[in-house]
*Asks:* 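Dumping the structure here so I can ask a few things about it.
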Amino acid sequence: MSRIGKIARRTFLIGSAAIAGGVAFGVYKYNEDPENPLTSEGDKAVLNPFVFVDENGITLITPKAEMGQGVHTTWAALIAEELDVELSQINVLHGPPAVAYYNSALMGLALPFLDYEVGKFQDNLRGYVGEAGKLLGIQLTGGSTSMKDGFERMRLVGASTRETFKLAAANRWGLDRADLSTSAGMVSSSDGRTATYVELAAEAAALKPPKVDLRSPNEWRLLGQSQPRVDMLAKVTGTAEFGADIRVPGMKFATVRMNPKRSSMLRFDASETEKMAGVERIVDLGDGIAVIASNTWLAMQAADAIEITWQDANYVETTEGFFDQLAQGFDGEVNATPREEGDVEQGFAGTEVYAEYKMPFLAHSTMEPMNATALYTAEAMTIWSGSQAPLSARDSAAEAVGLAPESVDLIVPYLGGAFGRRGETDFSDLAARVAKAMPGVPIKTTWSREEDMRHDTYRPPAIARFKGVVTEGEAVMLDGQIISQSVLDLDGANRENVTGSFDQPYGIPNYRIRGYLAELGVPTGFWRSVGASINGFVFDSFIDEMAHAAGRDPLEFRLELVRREHAPSATVLETLKNMTNWTGQTPDGIGRGVAFTYSFGTPVAEAIEVQDTGNGIKIAKCWIAADPGFALDPSIVEAQLFGGAIYGLSAAIMGEITFADGEVEQYNFPDYDALRMHTAPEFDVRILENNKFIGGIGEPGTPPAAPALANALFDLTGIRARELPLIKTFDLIT
Amino acid sequence: MQPLSTHIIRAFPDVLIDPIASFNSIKIKLKKEGSVSFKLTVNGVSHTVDLPAEVPLLWVLRDEIGMTGTKFGCGVAACGACTVHIDGEAVRSCQVQVADVWGDVTTIEGLGQPDTLSILQNAWLENQVAQCGYCQSGQIMQAAKLLADNSNPTDEDIDDAMQGNLCRCGTYPRIRAAIHDAAKSMGA
Ligand code: FES
Ligand code: FES
């Protein structure tokens, strides 16, 4: 039976375990369970450890990587809420990779705990995240699942831990647990006795945690309020340690050059390079080279000076070639038809709408270039890697150097942006392989920006063909076909590459979406909001085209269709209408567009106002309304929404990776730029909490950004952009 | 070589027209015997390093001295992650060779530590600006220079001064708010 099936049948119990100088609390599990990464071996009762209380205070061990999304803060708040401690009393550590830290939401267990009706949208979401979990290994920070994953478990751990401390104090004082109270990390009795959790830790370790009920949201002190982020002080003082900042005594600095045509290496000549300043070692990696030097820049200069002959690409070599391949793929088999309502083939009277959309390859271009540090010896390896999937990164790095996974420790520092890129294992593998060349010497392998941009796992390009019919102002039929390369390694029907189009809450009576797959041979991967980042643009642009064909106001047209399916989504659109004082009219020189995408369980509507300055078009303003169900930390939710929109807008305006001779033509930010201070619009964000369950927040801000802008540009110019990036069609200020 | 003031430099596609040429232009052949001893003052502390003259200040700070608050983002003056001050001027440390450092260097570590925050860093904290945080040292150093020159910047002044500093997480709205707040606090 699959691992998903096994885990789905488990129930969570809270347990405790004695540790040196204190106690650990976590999820208690039985025999077949994964090994506990934090307590000594031989202990049958395996704990999924989340909280340590010892002489150092209260420490939260989070399996979630902090890549900017604020997860360390919100997970700390989830625990602190029930534990009755202040956020400032909690230290947050990122735990080691361990099977015990599986991501329950990604494992297809999304949202088991809230009383909502599983509508088709939620169901689709579950199927999707389950697939993602299979691919990336189960300890993963991505797919906007962190809050779904932690929402119940972290509060349960907090509550059980609190009650265990009360029990310990009750035993010590000969009182009843029910008569004791807790606050700020301390148990108090009505007669004035007090004991801190730290003082009670040893006694608590001997107790079985009592069963607890969770507090209702109206009793929350911390959740629902913006908290100071636990990582902020370090990030404004330059003291936050990213992967690139790892310092280990005696370390050397390396860089790599791998084939930009993504195949093998024929030969290289490093005779000049060996003599260059600071160079310690040239490493033949077989499929590329590494230079180990006394500093990173010297390593990069030397690597650049090596003459390398690369094997040709195993793919078609040019951008046009890839798009031809995609177009031909429509003649092949349908891979998935995840939505088929009514009968789109029946023949309709009315106005037909037809559009074909083209989306390019995109790079992630995280601010921190790919890197990792490794210390290899013949028996073991320690690797420091900003990984979104530390478990698979550890296993993969171990395999790359021929060690058993248990012999490898992987430490996750802060991630300088991830957006899906750091779910890959390539940068950890390379660092491990480089370190193997100098056993006993810690080596940091940092990619140049050029290497990073030209060796990404890109968002795949896609083509979409959409047909629709409007009759008397109503959408009666929508029939969409989408083709791209899959980012999932799955057999059979794959809904991921049509996500964002088949799963939209639109009450169109005849509604079909079909997905097709092409094998392009270029490495592609998860890119913030994944399929929804592509199909959000396609689907919503097409809805806008249908609205205009129907002679309807685009916002009212959407609202009417969404209202039939999903009330919280309709409220999001209504809220946007009020925020923007939407009239459907704009003065000359101003354009407005609206877009809506339901992704990762969160409906998001965005509106954009563009302005023709006479000197190029400026994106003046962006309004966002979103409903993640619970806004556990409104400040973080807001930041993720506007940050997600900026990420989407950057790509929509100027993001494009192109190929010539099998190589990516973009090298660095000057040829793959993004929004900056002067081009980012002003934002107005409104967060709603009508959805009955908790949705993701790191990704849903991205999909509606591109169509909102394209629709605004149509309003301004009358030109419909069906190809991204928009800079190809419009004179946008960059 | 003329010091590169980040206040003026904007490395955008119009500046670096040919990516391959720009990539190759930073290729400099170095010989082992090329090392020279350099004395630097960083945040008031003096350091001596033995290095080829061409090594950029960024890598001297990060790899040689071990001060990692200053970040590497692009190496071609296009992102601002490596911004530091030399004699009060904001510069891209990836573009200043160690031999050309003409004065005292101030990095993010010198602007204020967790227990000695500058007004500007405190405004960043109050506005909860950082997301991943990787670009923020550079953003703060650039903003510090802006406020040193202009105690009450308009939105347009902020656009002009900050547009060389990329943030892939998109923290721009809060950077803007933090600069305005810091300007107010400094004036008060
Ligand atoms: S690293 Fe110096 S500007 Fe990007
Ligand atoms: S905060 Fe992540 S790049 Fe700016």
Side-chain angles (χ1 to χ4, degrees), chain A residues 67-69 226 228-229 231-242 244-245 247 253 272 275-278 295-298 301 304-305 365-369 414-417 446 448-450 635 639 642-643 645-647 666-671 673-678 680 682-683 734, chain B residues 11-13 16 19-20 22-23 27-32 34-35 52 55-56 59 63-64 66 68-76 78-79 81 107-109 112-114 121 124-125 128 130-137 140 158-159 162-163 165-176:
Chain A
M67 48 202 191
Q69 82 284 40
S226 299
R229 284 177 63 136
D231 53 349
M232 194 57 72
L233 190 59
K235 287 177 176 177
V236 304
T237 52
T239 54
E241 201 172 41
F242 295 87
D245 302 334
R247 302 283 300 179
F253 304 86
E272 285 303 301
K275 291 175 250 148
M276 286 173 72
N295 80 44
T296 308
W297 189 80
L298 292 168
Q301 298 312 298
D304 200 33
S365 101
T366 60
M367 201 69 211
E368 178 193 16
Y414 283 124
L415 281 58
T446 306
S448 65
R449 172 58 60 191
E450 291 79 7
S635 165
F642 71 67
I646 287 177
Y647 198 75
Q666 289 70 33
Y667 285 73
N668 203 318
F669 293 130
D671 14 274
D673 208 346
L675 287 198
R676 291 171 179 262
M677 181 60 85
H678 64 299
E682 190 189 329
F683 281 89
T734 59
Chain B
F12 286 114
L16 296 174
I20 299 169
S22 77
F23 187 37
K27 207 193 277 183
I28 300 157
K29 298 259 191 263
L30 297 167
K31 296 278 173 263
K32 266 192 180 136
S35 287
V55 175
W59 297 105
D63 290 359
E64 305 288 340
T68 55
T70 305
K71 306 301 184 195
F72 163 59
C74 68
V76 298
C79 78
T107 68
I108 185 74
E109 290 94 340
Q113 282 296 298
Q121 286 164 309
W124 240 252
L125 198 69
Q128 295 282 294
Q131 291 187 31
C132 86
Y134 194 79
C135 72
Q136 298 295 338
S137 299
I140 292 170
I158 293 174
D159 282 350
M162 302 301 296
Q163 63 182 256
N165 287 74
L166 188 63
C167 174
R168 286 295 279 149
C169 297
T171 60
Y172 306 117
R174 290 190 182 178
I175 292 175
R176 187 185 298 282

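Naming convention: chains lettered A, B, ... in sequence-line order (proteins, then strands); numbering from 1 in each chain.
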*Asks:* Identify the heavy atoms of B:L166 and A:L675 that sit nearest to each other, and give their distance.
*Replies:*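 Heavy atoms only, the tightest pair is CD1-O, 3.8 Å.
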*Asks:* Which is it for B:R176 and A:M677 under the side chain to side chain contact (heavy atoms under 4.5 Å, CB included) test, yes or no, and what are the steps along the way?
*Replies:* CA-CA 8 Å; B:R176 187 185 298 282; A:M677 181 60 85; 3.6 Å; yes
*Asks:* Specify which of B:S137, B:A130, B:G66 makes the most heavy-atom pairs with chain A at under 4.5 Å.
*Replies:*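 Max contact count across the listed options: B:A130.
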*Asks:* Measuring from A:T366:OG1 to B:Y134:OH, what's the distance to the nearest 0.5 Å?
*Replies:*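 So the gap between those two atoms works out to 8.5 Å.
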*Asks:* Closest approach of A:L298 and B:V55, non-hydrogen atoms and distance?
*Replies:*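 Shortest heavy-atom separation between A:L298 and B:V55 comes out as CD2-CG2, 4.0 Å.
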*Asks:* Tell me if a side-chain donor or acceptor on A:R449 pairs with a main-chain N or O of B:V76 at a distance below 3.5 Å.
*Replies:*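 Absent.
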*Asks:* So, the side chain of A:K235 versus the backbone of B:Q131: is there a donor-acceptor pair under 3.5 Å, distance only?
*Replies:*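 Present.
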*Asks:* Taking 4.0 angstrom as the limit, do B:D159 and A:R676 come out as a salt bridge?
*Replies:*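 No, B:D159 and A:R676 are not salt-bridged.
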*Asks:* Based on non-hydrogen pairs under 4.5 Å, which of A:Y647, A:Y414, A:F683 is most in contact with chain B?
*Replies:*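 Between A:Y647, A:Y414, A:F683, the count favours A:Y647.
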*Asks:* For A:L233 versus B:P114, what's the shortest heavy-atom pair and its separation?
*Replies:*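 A:L233 and B:P114 have their closest heavy atoms at CD2-CB, 3.8 Å.
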*Asks:* With chain B as the partner, which of A:P228, A:S226, A:A240, A:A645 has the greatest number of non-hydrogen pairs under 4.5 Å?
*Replies:*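 The option with the most such pairs is A:P228.
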*Asks:* What part of B:I140 gets within 4.5 angstrom of chain A, counting heavy atoms only: side chain, backbone, both, or neither?
*Replies:*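 The answer is the side chain of B:I140.
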*Asks:* Would you check if A:M232 and B:W124 make a side-chain contact, meaning some heavy-atom pair closer than 4.5 Å?
*Replies:*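 When only atoms from C-beta onward are counted, B:W124 and A:M232 do not touch, as no gap falls below 4.5 Å.
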*Asks:* A:M367 and side-chain contact (heavy atoms from CB on, under 4.5 Å): which single residue from B:C169, B:C79, B:C167 fits?
*Replies:*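 For A:M367, the side-chain contact (heavy atoms from CB on, under 4.5 Å) check succeeds only for B:C79.
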*Asks:* Supply the atom-to-atom distance B:Q163 CD to A:T734 OG1, rounded to the nearest 0.5 angstrom.
*Replies:*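 Answer rounded to 0.5 Å: 10.0 Å.
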*Asks:* Using every non-hydrogen atom in the two residues, find where A:I646 and B:Y172 come nearest and quote the distance to one decimal.
*Replies:*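 Looking at all heavy atoms of both residues, the shortest contact is CD1-CD1, 4.0 Å.
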*Asks:* Quick one: of B:A81, B:G112, B:C74, who has the most non-hydrogen atom pairs under 4.5 Å with chain A?
*Replies:*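 Top option by heavy-atom pairs under 4.5 Å: B:C74.
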*Asks:* Quick check for you: to the nearest 0.5 Å, what is the distance between A:F669 atom CZ and B:R168 atom CZ?
*Replies:*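 CZ of B:R168 is found 7.0 Å from CZ of A:F669.
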*Asks:* Is there side-chain contact between A:S635 and B:R174, with at least one heavy-atom pair below 4.5 Å?
*Replies:*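 They are in contact (side-chain heavy atoms under 4.5 Å apart), so the answer is yes.
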*Asks:* Grab the two heavy atoms, one from B:F72 and one from A:P369, that are nearest each other, plus how far apart they are.
*Replies:*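 Heavy-atom minimum between the residues: O-CD, 3.5 Å.
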*Asks:* Say whether, by atom type as modelled, one donor and one acceptor occur between the side chain of A:N295 and the main chain of B:D63 under 3.5 angstrom.
*Replies:*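 Here the side-chain-to-backbone pair does not exist.
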*Asks:* Please name the pair of heavy atoms, one in A:R229 and one in B:Q128, separated by the smallest distance, quoted to 0.1 Å.
*Replies:*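 In terms of heavy atoms, the two residues are closest at N-OE1, 2.7 Å.
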*Asks:* Tell me whether B:Q121 contacts the main-chain N or O of A:V236 through its side chain, where contact means a donor paired with an acceptor under 3.5 Å.
*Replies:*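 Judged by distance alone, yes, a pair lies under 3.5 Å.
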*Asks:* Could you tell me if the side chain of B:E109 sits less than 4.5 Å from the side chain of A:T239, heavy atoms only?
*Replies:*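 Not touching, per the 4.5 Å side-chain cut-off.
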